[in-house]
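Chain identifiers are assigned alphabetically (A, B, ...) following the order of the sequence lines, protein sequences preceding nucleic acid strands; residue numbering begins at 1 within each chain.
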Number of protein chains: 2
Amino acid sequence: MNSNKRLINYPKITKHMSEELGITVKKDKDFSEWYTQVIQKAGLIEYTDVSGCYILRPYIYEIWETIQEYFNKKIKEKGVKNASFPLLIPESLLKKESEHVKGFTPEVAWVTESGSTKLNERLAIRPTSETIIYAAYSKWIRSHKDLPLKINQWANIIRWEFKTPIPFLRSREFLWQEGHTAFATKEEANTEVLDILDLYREVFEELYAIPVFKGIKSDKEKFAGALYTTSIETFLGNGKAIQCGTSHCLGQNFAKAFDIKFLDEKGKKQFVWQNSWGISTRSIGIMILMHGDDKGLIIPPKIAPIQVALVQLIFEDSKKQILKKSNEIKEKLKEIKIIIDDRDGYTPGFKFNEWELKGVPIRLELGPKDLEKDQVVVVRRDTGKKEFISIKELSKKIPNLLEEIQNNLLKKAKKNLEENIIEVKTINEFKKAIENKKLVKAIWCGKEDCEEKIKTETSAKSLNIPFNQKKQKGKCFHCNKETDYYAYFGKSY
Amino acid sequence: MNSNKRLINYPKITKHMSEELGITVKKDKDFSEWYTQVIQKAGLIEYTDVSGCYILRPYIYEIWETIQEYFNKKIKEKGVKNASFPLLIPESLLKKESEHVKGFTPEVAWVTESGSTKLNERLAIRPTSETIIYAAYSKWIRSHKDLPLKINQWANIIRWEFKTPIPFLRSREFLWQEGHTAFATKEEANTEVLDILDLYREVFEELYAIPVFKGIKSDKEKFAGALYTTSIETFLGNGKAIQCGTSHCLGQNFAKAFDIKFLDEKGKKQFVWQNSWGISTRSIGIMILMHGDDKGLIIPPKIAPIQVALVQLIFEDSKKQILKKSNEIKEKLKEIKIIIDDRDGYTPGFKFNEWELKGVPIRLELGPKDLEKDQVVVVRRDTGKKEFISIKELSKKIPNLLEEIQNNLLKKAKKNLEENIIEVKTINEFKKAIENKKLVKAIWCGKEDCEEKIKTETSAKSLNIPFNQKKQKGKCFHCNKETDYYAYFGKSY
């Protein structure tokens, strides 16, 4: 077959269009500009006239839907049920738990008017829903038979932060799930905190291919109103750490503020023990930062809205056969999220770039030569490696390759995380490590005043204090107090 | 086997508790009190301190999840993709389409402050999202290749109505889906309007077991900013009609206000044709009103969070066998949403009442006598009919029975709808029919000024003008103008 005929998909692409499509900066040169370009050029978000509020376009929203589906299945197995609580919280209710209100009121968006009428009381758009949910819990919980009570909601949240907003990472509106549970005993609450934290680890490692470390937050960094906060954290290539999810034990703080009591089996009134836990669309931003490269996004196969993009190289004399073979391939890969890119007016090269920019894990190329050999060109997005796979092996090899890519992304990210950890013994070593954009491990006292000073001197903060440390005597790298654990520190989002 | 031993589930129920649980009014005597009792006593919602904003508790929220799952599958097959648009809309943006702003601003909740800072511009909490979505569409749509554009979002909406709020039916916050589509031609838009309206009919008839009639809204009742609005409507037992869902053709009104243009195949700039369409959690309220009876809710099997509740009659000497047999039944019905009610401290009678109140389609009763005969007592919630079914036939008979209940609910509701339609020829007949709480069918001119007068005189309004009428000359029952169609009228929510 002679295929040196006119290419039907005539290249209309101009230099200007090509520049508009591609990322014009290197990720390791200008991380923040790279991020801005990726999320816009790959069509993930759209800015609006309200600073910090973004449109999540279908391509990226589909990832959130996948996370929701996975997470819903897992929590429902644990007996958690979904519900819907109101968006608006009266000011008086928000102020019922004193630590909580201090933490959140500076960033609350207030509704003060409806139509042309001024409201009697300001209404907060929920910055989180503890207060409105626990006002209900105090009505619903009467007896030990009502416990445990485990409810989750998927919701939009507004926190009017005054730092520069960044899509996904620090947006004024974001989407999340918030779980709110109540138990008869502290032990049950403790167990669930860790159980959920491990589910979060699973979501990040298994779906997002992001390695995380689990631990407890310092007193300074814990959730406003919590007894203690546990978190999963990770480290990005740009020298910054980021919190991925939190699971809080609220103790009886809210139970006392909201009078949530139950009659125990002996007929005695007791306050419940409560937890709350959440992950948000911030996770999508972390994924973008973690895996992306100079060509754009790299989306892990398990959550990719498009797992395979087939680009046809169409010439006049083989057009019919190419189209037929494409459908055959689609049929063979019907369990896979595949798209056949049959758009006219774009060159194959343009299409290759676009699917790379959008982070599609595998690209297939099908041209006249491939038809002859009954094969297809297979290109991995993560490594760029190109191979030929015969059509009849596709339905076996593509799922395997997707799994391999998923594993490789996690492995690579793990290696990067481990290589960036530096253990320090003194404040000078600490400062140097932070300057060198490292993740710092240090023996530390955990005290709030010590952390204040560290932050002032280095602008780094504690991420968490990992679980399951070998107990060993040591001295705080900063204040020299005796202590028996280490913590992770870093600059963070 | 002698089973006249002490009943282990000792009745602790007092008269007070039993009254608290049961509905104390008849549905046809005091419809609105009946509704209020059902939604509270069945644990569907919780009131909050913000009037008109309710908590949707897990039992009822699960119905919304089922609707979402069904609807998502159907629209994705049609090429619609989900996305997420911001909650807050700047006042200037909301005011861009003049009819639209008139319709919605009186009921907007305004954010005017963040933290302790006054905002420069008021931000509306979305009462619907046309304006924020179409500002984005004007950036995304350039060429005929970008069309059709079909996006949906699941969202919370606030409309600060000043009439008395009613949970589900007229709440200030509600949940919905809003689809927003753009096409190159009016024909495509027209086709989709009806296609979606038929999907809504399907959701109501197939899932909610609610019969509806499809038609076009009068000019007075159409959506603010629409070219025309189509709707599905139904009629409730209390003399009131209710709108179930709407599918609007926006024409080019918003395209012109937001400058949404595309380059057609001949290189000419054209405005797009747009639709928007939505159904909301109001549908749950309609279901409650439609099917419920004096004992409480009746939930159609296809959307019931619990399809079968098994109540055990436990006596000391057969307890073990009852528990074993219950598990065997659960195993046989594992495709069914079944709950084994093994709570201590409640009598079987209390449990029967509770599952009836909660509208569970089938109740199973298992006692010592049933063990002997290897059978179970099966009670239908819709008819109260009781029968014995042998255990070995359960896995075949229960799914069939659920289907029968689903069909019966729709059939009964259809009959009720048809029986309540009255055709009238004069305004006096019209008034009498409305007084008699009927759904009125009348030849009508459809004019806005005529409708204003009808409303003033009768407090009824037009519901819709049904599709596919036989064209026939006639005169408007009210103003005597020549016309060729009839419409439905009623008092409505």
Side-chain angles (χ1 to χ4, degrees), chain A residues 43 46 48-50 53-62 64-65 72 81-90 92-93 105-117 119 121-123 125 132-133 135-136 139-140 145 151 153 155-156 158 160 162 172-173 175 281 305 343-345, chain B residues 43 46 48-50 53-62 64-65 72 81-90 92-93 105-117 119 121-123 125 132-133 135-136 139-140 145 151 153 155-156 158 160 162 172-173 175 281 305 343-345:
Chain A
E46 184 66 66
T48 71
D49 290 339
V50 185
C53 297
Y54 310 97
I55 296 167
L56 306 190
R57 300 182 68 173
Y59 187 67
I60 207 73
Y61 187 75
E62 201 170 324
W64 190 238
E65 288 185 302
N72 268 333
K81 288 180 180 289
N82 287 331
S84 170
F85 294 86
L87 174 74
L88 301 176
I89 305 175
S92 53
L93 194 58
T105 38
E107 48 189 57
V108 162
W110 294 104
V111 174
T112 62
E113 300 165 20
S114 63
S116 50
T117 311
L119 299 178
E121 183 182 10
R122 295 197 298 177
L123 303 173
I125 298 185
I132 195 143
I133 293 180
K139 298 180 198 168
W140 297 344
K145 289 178 190 170
I151 295 182
Q153 82 167 341
N156 50 347
I158 294 219
W160 212 265
F162 290 94
R172 285 176 172 170
E173 181 181 14
L175 306 180
T281 40
R343 290 176 295 171
D344 281 338
Chain B
E46 184 66 67
T48 71
D49 290 339
V50 186
C53 297
Y54 310 97
I55 296 168
L56 306 191
R57 299 182 69 172
Y59 187 66
I60 206 73
Y61 187 75
E62 202 171 322
W64 190 239
E65 287 184 304
N72 268 333
K81 289 180 179 289
N82 286 331
S84 170
F85 294 86
L87 175 73
L88 302 175
I89 304 175
S92 53
L93 195 57
T105 38
E107 49 188 54
V108 162
W110 294 105
V111 175
T112 62
E113 299 164 22
S114 64
S116 50
T117 311
L119 299 179
E121 183 183 12
R122 295 196 299 177
L123 302 174
I125 299 185
I132 196 144
I133 293 179
K139 296 180 198 168
W140 298 344
K145 290 178 190 168
I151 294 182
Q153 82 167 341
N156 51 349
I158 295 221
W160 212 265
F162 290 94
R172 284 176 172 169
E173 181 182 14
L175 308 179
T281 41
R343 289 175 297 169
D344 281 340

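Heavy atoms closer than 4.5 Å to chain B are found nowhere in A/Ile133, neither backbone nor side chain. Using a 4.5 Å cut-off between heavy atoms, A/Thr48 contacts chain B through its side chain alone, with no backbone atom that close. In this structure, the portions of A/Glu113 lying under 4.5 Å from any heavy atom of chain B include both its backbone and its side chain. For chain B, no part of A/Arg172 is nearby; none of its heavy atoms comes within less than 4.5 Å. With a threshold of 4.5 angstrom between heavy atoms, A/Ile60 does not approach chain B through any atom at all. With a 4.5 Å cut-off on non-hydrogen atoms, A/Tyr59 does not touch chain B at all. Heavy atoms closer than 4.5 Å to chain B are found in both the backbone and the side chain of A/Trp110.
Listed options B/Ala155, B/Pro106, B/Ser114 were ranked by heavy-atom pairs under 4.5 angstrom with chain A; first place goes to B/Ser114. Options B/Glu107, B/Lys81, B/Glu65 differ in how many heavy-atom pairs under 4.5 Å they form with chain A, and the most are formed by B/Glu65. When A/Gln153, A/Arg122, A/Glu62, A/Glu121 are compared by the number of non-hydrogen pairs under 4.5 Å with chain B, A/Arg122 comes out ahead. Counting heavy-atom pairs closer than 4.5 Å to chain A, the top residue among B/Thr105, B/Thr281, B/Asn156, B/Ile132 is B/Asn156. Of the listed residues (A/Ala109, A/Ser116, A/Pro86, A/Gly43), the greatest number of heavy-atom pairs within a distance under 4.5 Å of chain B belongs to A/Pro86.
In this structure, B/Leu87 and A/Cys53 have side chains that are not in contact, with every pair of non-hydrogen atoms separated by 4.5 Å or more. Residues A/Ser84 and B/Leu175 form a side-chain contact, since some pair of their non-hydrogen atoms from C-beta on lies under 4.5 Å apart. The side-chain heavy atoms of B/Ile125 and A/Leu88, taken from C-beta on, include a pair separated by under 4.5 Å.
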* Evaluate side chain to side chain contact (heavy atoms under 4.5 Å, CB included) for A/Trp140 paired with B/Glu46, printing each intermediate quantity in order. => CA-CA 9 Å; A/Trp140 297 344; B/Glu46 184 66 67; 2.5 Å; yes
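Across all their heavy atoms, A/Ala83 and B/Leu56 have their closest contact at CB-O, 3.3 Å.
Taking the side chain to side chain contact (heavy atoms under 4.5 Å, CB included) definition, one finds that B/Ala135 meets it with B/Leu93, B/Phe258, sequence neighbours left out. Every residue was checked against the ring pair (Phe, Tyr, Trp, His ring centres under 6.0 Å) condition with B/Phe85, not counting sequence neighbours, and none meets it.
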